[in-house]
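All remarks here apply to the structure that follows.
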2 protein chains.
Amino acid sequence: MKAEISKVTINDVAKAAGVSKGTVDRVIHNRGEVSRKSREKVLRVIDELGFKPNLYASLLASQKERTICCIIPECRPGEFWSMTRKGIQEAAAIVSRYGVKVVCAGFDQYSVDSFRMACDSVVSMNPSGVLVAPMFRDETMRLADSLSSSGIPFMFLDSKIDDAGYLAYFGMPMYESGYLCADILTGGRNIPHKVYVVRISRDKTGLSDPTAARRAGFMDFMARHYPETLIENVFIDPKDAASIYERLDATVGREKDGRFVVMFNSRIHLVADYLSVKGFHDCRVVGFDALERNVAALKDGTVYALIAQHTDRQALDAVNAMTDHLLLGTPVAKRDNFIQMDILNRYNCDYYL
Amino acid sequence: MKAEISKVTINDVAKAAGVSKGTVDRVIHNRGEVSRKSREKVLRVIDELGFKPNLYASLLASQKERTICCIIPECRPGEFWSMTRKGIQEAAAIVSRYGVKVVCAGFDQYSVDSFRMACDSVVSMNPSGVLVAPMFRDETMRLADSLSSSGIPFMFLDSKIDDAGYLAYFGMPMYESGYLCADILTGGRNIPHKVYVVRISRDKTGLSDPTAARRAGFMDFMARHYPETLIENVFIDPKDAASIYERLDATVGREKDGRFVVMFNSRIHLVADYLSVKGFHDCRVVGFDALERNVAALKDGTVYALIAQHTDRQALDAVNAMTDHLLLGTPVAKRDNFIQMDILNRYNCDYYL
DNA sequence: TGAAAATCCGTGTGCGGGCACGGTAAAAAG
DNA sequence: CTTTTTACCGTGCCCGCACACGGATTTTCA
């Protein structure tokens, strides 16, 4: 057991390439001051020998501390973004071993100003990398420009803006999730006469609607497979419980012909509460995201199915990818990482996460 | 902005304790040869200063090579275990950076002897840790005893044996997956008159049936929700294509009242092939595992749904957990890691993996 | 042609800790 | 009182890499 697989070191590379380890180091880190000839030679040897820098030695020698900043909406426990935050925390614990710090800059997802402030504070920290949930298009572009000009890599979470020079994107395929949602909603024993789409009423016109693509996918499925089915939009204000009941009473509550209800954001539990209180059973309700309250409604039968995504894992993957990129300089494996869409019902939700 | 990792080092401890770093090192690793007095002094200082050994330096200096052995069934590309192997490969690439080697010992999943040989060869390698798919109960217990007495930690993959002293388990909740399967099968527009359960005929009696628990879950669901529905077992030999057609022709093929078919292992594509060739449409077919051929059948509509698990991720998690345990000495986070059950249909399978 | 500037490159030190080696002092044996 | 044993302990080299520094070579330009 003597001849162990000798890991190839930077010295081996240097010897094989006929240069010194200093030169190899310069090539590895793109530090310049290397002639094209020896640069190519070194790269070839690295490839041939399969040299992989020893992470430990590398990190030990360069006592640098790196910071990844995350620009993520503030939220209360149990709300959508709390899962993402959880994933970030988890990742932070892991990468701290590699001298990488993760800090979060929160913002109010309904306020452009607070988003802008978060961006500014992150830029002023001069981080090594940035993860951002690009809730506001124009401000995100401003941020992207600022980061790009400083050479700071950034990734998008949950949604993306195509023409910003992002390093990677982690999120769900929105259009397809709407399509899938329609399939699940209509997969029951009866063909729906009418479907209620419950939406959040948006007074401020400046706000973008992150679920628009999802709704489009839903509508396309319906138009294609159930052109006869009526679609009725019901607008509610999530902050006003009384009005929610009122609005639902006037629409879903009066339905005689089988109640089909969907929501495209994570708030289906609002509808579930209503249906539960009113004692409406045998409804077909489909929503998104495995929030605690949604899963509870799933288990008691009020909600038929949820389409979920592991936003925590997604965030963890993003942080890991950024860490790898910062530490090893590797290009990210995939630019667009579409996370899988999980179908949850009462029988498999217990093992979800 | 060159923030240093301000950390107390072994030298700081040595100075503060009035000894040399060699002594501190001896204390840390319980290597003996230290007087009680200085031992206590060092321990106190370590506590006061909050000294934590630098992982990088430690691993860099101690060039120990660790090996994780995996005892996993051999298989051809596209078969069930190939995904697990893929996950192991992936993990191997990652942990190789930490000086951890991963080697696989394959065996024929239908042969106790080959399993025993794999176990023996692994034990003789004296690995740092072991992952095993415990396909044979008695032999696995023998392995467990042998490893335990050598102080070698081991984990179970895919299925587990409760009273072996395993460090962790990664797998699917089998009973529940059968329950879920029944729910999906019967969730359509018609109540099934009869359900065909296609099974692999096992001539050798010594073989354990890994899907027994799954079948039990299925049967319980059916008995509870559809007591009128007939269940007919159809036994096939996967190696004999002609006989498969024959058997199916005599059963499923003759059904007039809506064809409901399930299989509890990963071979549903065998049934799909038959149905496709025969031109039987509008069947309700549910199977397990996202093998390439199964997913193809899902997309062309022959199979209605698959219940899948990310066995690759599962394997990757297992290797990572073992690596963490070996390197950091941390106790594993969770002993029983039940992986989520994924419901796949034609609309979300594209984003699966 | 020679000097200055621009390029390129090798050497050496140190990161924090593991561990072999050898040394010193106290205890035991002769 | 020597000699040997035992119990402790400090020194120094090494792990693989990052990076500063200065030396060497080539290019530029007067």
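Chain identifiers are assigned alphabetically (A, B, ...) following the order of the sequence lines, protein sequences preceding nucleic acid strands; residue numbering begins at 1 within each chain.
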**OP:** Using the salt bridge (Lys or Arg N to Asp or Glu O under 4.0 Å) rule, collect all pairs that involve residues 17-28 of chain A, keeping only residues at least two apart or in two chains.
**Re:** A:Asp25-A:Arg31

**OP:** Salt-bridge test for A:Arg137 and A:Asp163: reply yes if a basic N is under 4.0 Å from a carboxylate O, no otherwise.
**Re:** yes

Original post:
Of all the nucleotides listed (D:dA18, D:dG16, C:dG18), which has the minimum atom distance to the side chain of B:Leu60?
Top reply: D:dG16

Original post:
How many Å lie between CG on B:Leu59 and P on C:dC19, as a whole number?
Top reply: 11 Å

Original post:
Per the end-axis method with five pairs at each terminus, what is the bend angle of the helix from C:dT1-D:dA30 to C:dG30-D:dC1, to 10°?
Top reply: 50°

Subject >> Where protein sits on nucleotides 4-12 of chain C, one letter per nucleotide: B base, S sugar-phosphate only, - none, heavy atoms under 4.0 Å >> reply: ----BBBBB

Original post:
Quick one: do B:Asp317 and A:Arg313 make a salt bridge, cutoff under 4.0 Å?
Top reply: yes

Original post:
For B:Lys52 and B:Asp12, what are the C-alpha separation, side-chain angles and deciding distance, and is it a salt bridge (charged side-chain N to carboxylate O under 4.0 Å, His left out)?
Top reply: CA-CA 11 Å; B:Lys52 291 272 198 148; B:Asp12 301 331; over 6 Å; no

Subject >> B:Arg44 and B:Glu40 ion-paired at < 4.0 Å >> reply: no

Subject >> Spacing between B:Ile10 atom CD1 and D:dG12 atom C1', to the nearest angstrom >> reply: 14 Å

Original post:
In terms of side-chain geometry, is the basic nitrogen of A:Glu90 or A:Arg85 positioned less than 4.0 Å from the acidic oxygen of its partner?
Top reply: no

Original post:
Between B:Ser124 and B:Ser121, do the side chains contain an N or O donor and an N or O acceptor separated by less than 3.5 Å?
Top reply: no

Original post:
Base, sugar-phosphate, or nothing: which does B:Asp25 touch, judged by heavy atoms less than 4.0 Å apart?
Top reply: base

Original post:
Is it true that A:Lys334 and A:Asp336 make a salt bridge, defined as a side-chain N closer than 4.0 Å to a carboxylate O?
Top reply: no

**OP:** Send over the distance from B:Ile28 CD1 to D:dC9 C1', rounded to a whole Å.
**Re:** 15 Å

Subject >> A:Glu65 CD to D:dA18 C1', straight-line distance once rounded to whole Å >> reply: 17 Å

Subject >> Length of the line joining B:Tyr56:OH and C:dG18:C1', which is rounded to integer Å >> reply: 18 Å

